[in-house]
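Report on the structure given below.
Note on naming: letters A, B, ... go to the chains in the order of the sequence lines (proteins, then strands), and numbering restarts at 1 for each one.
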Amino acid sequence: MVADVLAIPGPELADRLAQLGGPEAARPREAASTGGDFPDLVGAVPGKVVLRLAPFPSGALHIGHGRMLFINQHYREQYRGKIYLVFDDTIGSEEKRVETEFFGLIEEDLASAGVRPDAVYYKSDRIPNFYPWARRVIDKGGAYVCTCPAELLRENRAHGVACAHRTQTHDETVEEWERMLANAYGPGEAVLRLRTNLADPDPAFRDRVLLRISDIDHPRVGTKYRIWPMLEFSWAVDDIELGITHVIRGKDLVIEDRMQRYIWDLLGITGPPFLHWGILRVREAKVAKSKAYREVKSGQFDGWADPRTWSLRSLDRRGISMEALRAFILSFGMSLSDIEVPAETLYSENRKRIDATTVRRAFVADPVRVEVEAFPDGLETVVLANHPERAELGTRRVPTGPEFFLARRDLEGKGGTEVRLKDLINIELPSTVPAPGQPLRARFTSRENKRIPRLQWVGAQGALPVDILGIEGEHTAGLGEATLAEAKPRDILQFERVGFVRVEQNWVPGTSPLRVAFGHP
RNA sequence: GCUCCUGUAGUCUAGUCCGGUCAAGGAUUCCGCGCCUUCGACGCGGUAACGCGGGUUCGAAUCCCGCCGGGAGCACCA
């Protein structure tokens with residue numbers, strides 16, 4: 001009974017208690033949580049839960065990995081459990097190679113996401129462990145050594161046809177397995193296969209490979225090992241050896257559950273339960289990881305923090321906090337449907353967190369120089385609020401006219417009309433646009449706050465060049481207000497009417513514009 | 001093709017296990033209005049969903065059957 005009560009999630013418990021206590025309340029239905037649903041972990045004992053993160057080290061963590069991170073972290077917190085980082089750096093394949101630089105990169109990404117593993121393991125350190133386990137499977141009659149070429153193996157599998165090796169006796173298998181270990185075979189010449197059922201309705205499940213031979217040079221252990229486990233087998237072993245209590249992973253790995261269970265059943269082991277989440281795609285994140293890898297390697301992308309990678313570090317670069325990402329991701333719960341979400345939802349989550357604390361600054365893209373005639377005296381500078389609602393964010397003093405820069409787009413279709421330079425004065429624009437390169441001559445009209453189109457402006461005095469890195473990797477050049485000279489790297493600012501940006505690099509007068517990365521509107 | 005997973009508004013999600021309290025809640029988007037010297041924020045209002053067809057039942061988003069749609073796996077990758 002007590003256990004039953006403990007199993008009720010906090011909010012629900014409060015709700016139930018409220019119901020018990022307030023028979024007359026009859027208030028509107030309790031607002032559903034904004035987040036998604038996370039089922040309780042079966043058999044989980046608070047304080048005893050052990051989870052694992054198993055990235056393959058072939059790149060920086062991207063937004064999709066975020067789901068792995070934050071879901072596991074969520075459960076870890078709920079049950080006061082542990083998380084191990086287990087690098088899934090088995091040998092991979094020619095196309096999928098382990099690279100040393102990514103171990104550190106991934107650990108950094110985890111740290112930035114606030115996920116501190118209780119331990120770090122490398123699969124490549126654990127290779128000899130797998131051999132006795134393979135032998136146990138063999139001794140249970142659950143595996144055989146197959147020397148069919150990969151193609152034939154695949155074809156037989158598709159048709160449910162057994163090859164000659166399948167009928168191997170236990171002694172023969174042992175002998176062949178010993179020969180594999182003794183380097184009698186080259187890469188691709190022999191594999192240890194699980195003996196399942198060739199009539200299994202799922203063709204993917206028929207006699208899958210457990211271990212195979214590879215001579216690829218591993219960045220951590222070189223060519224020390226030739227017999228490498230496949231992912232499923234390695235986890236059938238390590239989920240037990242590392243004492244993992246719950247395996248929570250993407251649903252692309254469901255067949256691996258079945259493999260692991262099959263092996264455990266064979267050996268009489270009760271393994272941990274599995275939980276899955278569905279595929280998450282962010283609509284704007286179109287670049288596949290493999291393409292991102294190539295573009296980063298070739299220098300087409302600006303490293304792993306290039307916005308086009310949608311890596312965690314690229315989000316950070318853009319001023320999108322890991323807290324916002326976490327809230328965004330947890331809002332989907334453990335749904336198994338495959339979903340595609342617009343980035344706007346993430347932006348909204350981030351906006352909630354930074355809007356109230358972010359100072360406003362002026363920036364104009366594609367600037368047009370405007371000279372204001374009859375510019376009033378005594379208005380050489382003006383004091384502006386750093387935030388329209390938050391007085392506590394203070395003010396700043398910026399130089400004004402009589403020369404200004406306005407955004408070309410803002411001027412379109414406004415010839416001959418009166419417009420307001422936001423927070424400052426009203427001017428009348430000339431009806432004809434002068435030749436390119438020539439300044440526009442406008443005329444001061446009044447200072448009263450009229451309800452006419454308001455334009456963002458930058459006073460020519462002290463204006464400095466700004467370069468915005470966009471999310472497609474494009475650059476937008478423009479001019480920013482003088483106070484941006486003090487902007488420091490990692491500052492988050494809002495360019496009014498443009499969006500939130502994060503400063504990348506100080507302005508270096510005469511040599512380099514102020515570099516910022518665009519976050520979101 | 002086979003296997004598995006999955007279908008609630010434009011997009012996510014709660015509710016489905018244990019049918020009524022759901023004329024379906026929340027978030028986001030979009031539209032309108034208000035407000036502030038932002039195209040942002042905030043406030044108010046609005047549009048908008050149980051994939052389809054049968055069945056069971058007094059009553060179905062919820063149970064049963066059939067159909068249709070979406071996704072993933074079918075590597076000696078992870």
Protein-nucleotides 67-71 of chain B N/O pairs closer than 3.5 Å?
residue	atom	partner	partner atom	Å
B:G71	O2'	A:Asp338	OD2	2.1

When both hydrogen-bonding distances must be under 3.5 Å and the geometry is Watson-Crick or G-U wobble, what is B:A14 paired with, if anything? none

Scanning all shown strands, the Watson-Crick or wobble mate of B:G1 with both distances under 3.5 Å is B:C74

Nearest to the side chain of A:Arg154, which nucleotide is it out of B:A78, B:U28, B:C76? B:C76

With a 3.5 angstrom cut-off on both distances, give the Watson-Crick or G-U wobble partner of B:C42, or none if there isn't one. B:G34

Counting only side-chain nitrogens and oxygens, does A:Arg157 get under 4.0 Å of the OP1 or OP2 atom of B:C76? yes

Should we say atom CZ of A:Arg353 is surrounded by more than 12 heavy atoms from elsewhere, each under 6.0 Å from it? yes

side-chain contact (heavy atoms from CB on, under 4.5 Å) partners of A:Thr395, counting only residues at least two apart: A:Val383

Does a side-chain N or O from A:Arg351 land closer than 4.0 Å to OP1 or OP2 of B:C42, or not? no

Can you measure A:Asp355 atom CG to B:C36 atom C1' for me and round it to whole angstrom units? 13 Å

Just checking A:Phe375 against A:Phe404, ring centres under 6.0 Å apart? yes

Phosphate OP1/OP2 of B:U37 contacted by A:Arg454 side-chain N/O (<4.0 Å): no

How about A:Tyr262 and A:Phe205: are their ring centroids closer than 6.0 Å? yes

Partner lookup for B:U62, please. Criteria are Watson-Crick or G-U wobble with both distances under 3.5 angstrom; report none if nothing qualifies. none

Tell me whether the OP1 or OP2 atom of B:A78 has a side-chain N or O from A:Thr90 closer than 4.0 Å. yes

Kindly confirm or rule out a cation-pi arrangement of A:Arg360 over A:Phe495, judged by NZ or CZ under 6.0 Å from the six-membered ring centre and within 45° of its axis? no

